[in-house]
Amino acid sequence: MSVLYKSTRGNGELISSSQAIIAGIAPDGGLYVPNAIPKLSVDLSSMVNMGYKEVAYTVMKEFLTDFTEEELMNCVNKAYDKKFDHEEIAPLRKAGGAYFLELFHGPTIAFKDMALSILPHLLTTSLKKQNINKEVVILTATSGDTGKAALEGFSNVEGIKIIVFFPENGVSQIQKLQMTTHEGSNAYVIGIEGNFDDAQNGVKAIFNDEEFKKSMELNNSMFSSANSINIGRLVPQVAYYFYAYLTLVRNGDINLGDKVNIDVPTGNFGNILAAYLGKKMGLPINKLICASNENKVLYDFIRTGVYDKRREFVLTSSPSMDILISSNLERLLYFLSGEDTNKVTDLMNSLASKGYYEIDSSMKAGLEDLFGAYASEEETFEAIREVFQKDNYLIDTHTAVAYTAYKKYVAETKDTTPTVIASTASPYKFNTAVMGAVDEKYKQINEIALINEMCKLSGVEIPKAVKDIEKRPVLHKKVCSKNEMKQVVKEILAIN
């Protein structure tokens, strides 16, 4: 079956997956969704002994039907290679009564590597398929992890420039150093005076600026996106939930066909949406646990059906989830509404103009797949302490939010279904908060010195991504206000 893509707000125009990957976002501001969620075309039993690459290919080919087998396998092989420091790519670790899916073995030690190592190959293949010879400008906003993962993925890729905006005071010291010391000749990293939502809104405004697009045309260049709004980011993420399930079967922890819960620390809603798509494809998932930090806009939405961004923005120890506008939720609204693009458009217009929307009762019924829970800062630190004391296993702050949600889910529902927790970042990435949670004495030590202390405490080798990071020269020093973002992009691209 050929899967085509349409906008969540569109009038039904269908395009191929390669066209959707190139565009990133639809012309009407909507996000691309498949015209039908495909079912897995092989039996799960035939996948049990597959390695990560085979699983990724088997799942992704269902969505990317205009790619040939050779093209897609080539992308997969280039993505999941020696840049990952674990042969399984995404291993499972049992601790704290759950299974942690370690998605941080890539070059930037965060889950974004899982998709952003393949997106550049999907994009360059798509451009060839569509006979496009323009320079592509990847424009992205990051709450910390996407930025560096995109910089790694697109570094020195011919015919591509990458521009990353991040909140100057909204990321950890290590996250900031990872981005500002990046060496790619085609890369531009800019701090903004504001939060992640300001950065994301600024990027969206540039994407939707018709005048700007015309100037880009004259320059023989075009924008594309590395954020999870791009289906080339979303589709690869579906694969690791299949891999986690198959690993549980292979290890004898569950029988084929048994259900599992998937628990995801959630900011922009892309990672948990990938699990939702997996469930719709036929993966035996019982409940999707959506874990929020103190910016609990998604928790409130799942509980009430009201999405309301009119609230105080909280800076937490899990900064990648410090988000009040979860862009990928729009795709869920599309599926919950029975693919009613007018309804989705009305809801998104309401969010833009009033700051909130409420879904109707039929859509609320569709939220039964999801369970919302959130963790306070204290609960997050308590979770880190608990898992370490129980199993001598260090988890980062985002994963700790998810672990807290898992415990609250079990307490509320008494459900004993085996649960896979998406472990989205290495503890090395957020070591101040992690080490401080384990023992007060570490709070006196700076973030860089703590790298060695964490190695001693955990016995886990220091990842290449942060080893000697403080010795690397800072190459990107520019900071601008949120209102200057468009001007900065024009200067980089030499557009008047």
Side-chain angles (χ1 to χ4, degrees), residues 21-22 24 74-75 78-79 81-84 106-110 112-113 115-128 132-142 144-166 168 171 174-192 199 202-203 206-207 212 215-227 230 232-233 463-480 484-496:
I21 287 167
I22 293 165
N74 183 44
C75 293
K78 282 181 174 169
D81 59 8
K82 290 283 185 237
K83 61 178 153 298
F84 286 83
T108 75
I109 57 176
K112 307 287 170 83
D113 290 325
L116 278 165
S117 59
I118 195 167
L119 178 61
H121 305 296
L122 293 174
L123 179 61
T124 49
T125 306
S126 297
L127 290 165
K128 277 190 197 128
I132 293 173
N133 282 320
K134 294 180 180 175
E135 178 179 68
V136 174
V137 180
I138 302 291
L139 184 62
T140 199
T142 183
D145 288 341
T146 289
K148 177 58 179 174
L151 289 165
E152 279 292 329
F154 287 98
S155 195
N156 300 321
V157 174
E158 204 178 327
I160 291 178
K161 277 195 176 92
I162 174 159
I163 303 171
V164 173
F165 288 99
F166 72 95
E168 174 69 14
V171 298
I174 286 175
Q175 282 179 312
K176 191 180 205 172
L177 279 171
Q178 280 188 297
M179 290 187 281
T180 56
T181 60
H182 184 78
E183 289 183 332
S185 59
N186 60 339
Y188 304 85
V189 179
I190 302 106
I192 71 150
V203 163
I206 296 168
F207 266 116
F212 208 130
S215 305
M216 296 282 284
E217 284 284 330
L218 294 172
N219 247 21
N220 197 35
S221 56
M222 58 182 282
F223 283 127
S224 191
S225 159
N227 278 59
N230 191 317
R233 268 281 304 275
K464 205 162 69 177
V466 293
K467 202 170 175 57
D468 300 326
I469 193 169
E470 75 284 3
K471 295 176 183 164
R472 300 172 202 168
V474 172
L475 304 172
H476 305 272
K477 297 175 182 173
K478 191 168 187 66
V479 180
C480 72
E484 293 169 327
M485 287 170 65
K486 195 179 289 185
Q487 190 52 41
V488 167
V489 174
K490 281 184 173 176
E491 285 167 15
I492 290 168
L493 302 179
I495 288 174
N496 296 328

Residues two or more places apart in sequence or in another chain: which of them pass side-chain hydrogen bond (donor to acceptor under 3.5 Å, both in side chains) with Thr146? Lys112

Donor-acceptor pairs are to be reported for all side-chain atoms of residues 485-492 against protein atoms at under 3.5 Å, with residues two or more places apart or in another chain.
| unit_1 | atom_1 | unit_2 | atom_2 | d |
| --- | --- | --- | --- | --- |
| Lys486 | NZ | Asp209 | OD2 | 2.5 |

Of all residues at least two apart in sequence or in a different chain, which pass the salt bridge (Lys or Arg N to Asp or Glu O under 4.0 Å) check with Glu183? none

Check: Asn220 and Asn133 side chains under 4.5 Å, non-hydrogen atoms: no

If you measure from CG on Leu127 to CD1 on Ile22, what distance do you get to the nearest 0.5 Å? 4.5 Å

Pairwise distance OG1(Thr140) to CZ(Phe154) - rounded to 0.5 angstrom: 9.0 Å

Spacing of Leu139 atom CG and Lys161 atom NZ [to the nearest 0.5 Å]: 13.0 Å

Are any side-chain N or O atoms of Arg233 and backbone N or O atoms of Ala226, one a donor and one an acceptor, separated by less than 3.5 Å? yes

Any residue meeting side-chain hydrogen bond (donor to acceptor under 3.5 Å, both in side chains) with Lys83, in chain and number order, not counting sequence neighbours: Asp81

Heavy-atom closest pair (Ser155 atom, His182 atom, distance to 0.1 Å) is OG-NE2, 3.3 Å

Give a yes or no answer on whether the side chain of Ser224 reaches the backbone of Ile138 with a donor-acceptor pair at less than 3.5 Å. no

Which atom pair, heavy atoms only, marks the closest approach of Thr181 to Arg472? CG2-O, 3.7 Å

Quick one: pull up CG in Asn74 and CG in Leu122 and give me the separation to the nearest 0.5 Å. 10.5 Å

Given 3.5 Å as the limit, does a donor-acceptor pair link the side chain of Lys134 with the main chain of Met222, or not? no

Taking all heavy atoms of Ala150 and all of Leu116, pick out the closest pair and write down the distance. N-CD1, 3.6 Å

Kindly compute the distance separating CD (Glu152) from CD1 (Ile162), expressed to the nearest 0.5 Å. 10.5 Å

Does Glu470 have any side-chain hydrogen bond (donor to acceptor under 3.5 Å, both in side chains) partners at least two apart in sequence or in another chain, and if so, which? none

Excluding sequence neighbours, so at least two apart, what forms side-chain hydrogen bond (donor to acceptor under 3.5 Å, both in side chains) with Asn230? none

What distance separates Lys478 NZ from Tyr188 OH, expressed to the nearest 0.5 Å? 12.5 Å

Would you check if the side chain of Asn186 reaches a backbone N or O of Asn156 as a donor-acceptor pair within less than 3.5 Å? yes

Are the side chains of His476 and Val164 in contact, using a 4.5 Å heavy-atom criterion? no

Between Met179 and Val189, what is the shortest heavy-atom contact and its length? O-CG2, 3.6 Å

I'd like to check Leu493 versus Phe223 (side-chain heavy atoms, cut-off strictly below 4.5 Å). Are they in contact? yes

I'd like to check Ile160 versus Pro120 (side-chain heavy atoms, cut-off strictly below 4.5 Å). Are they in contact? no

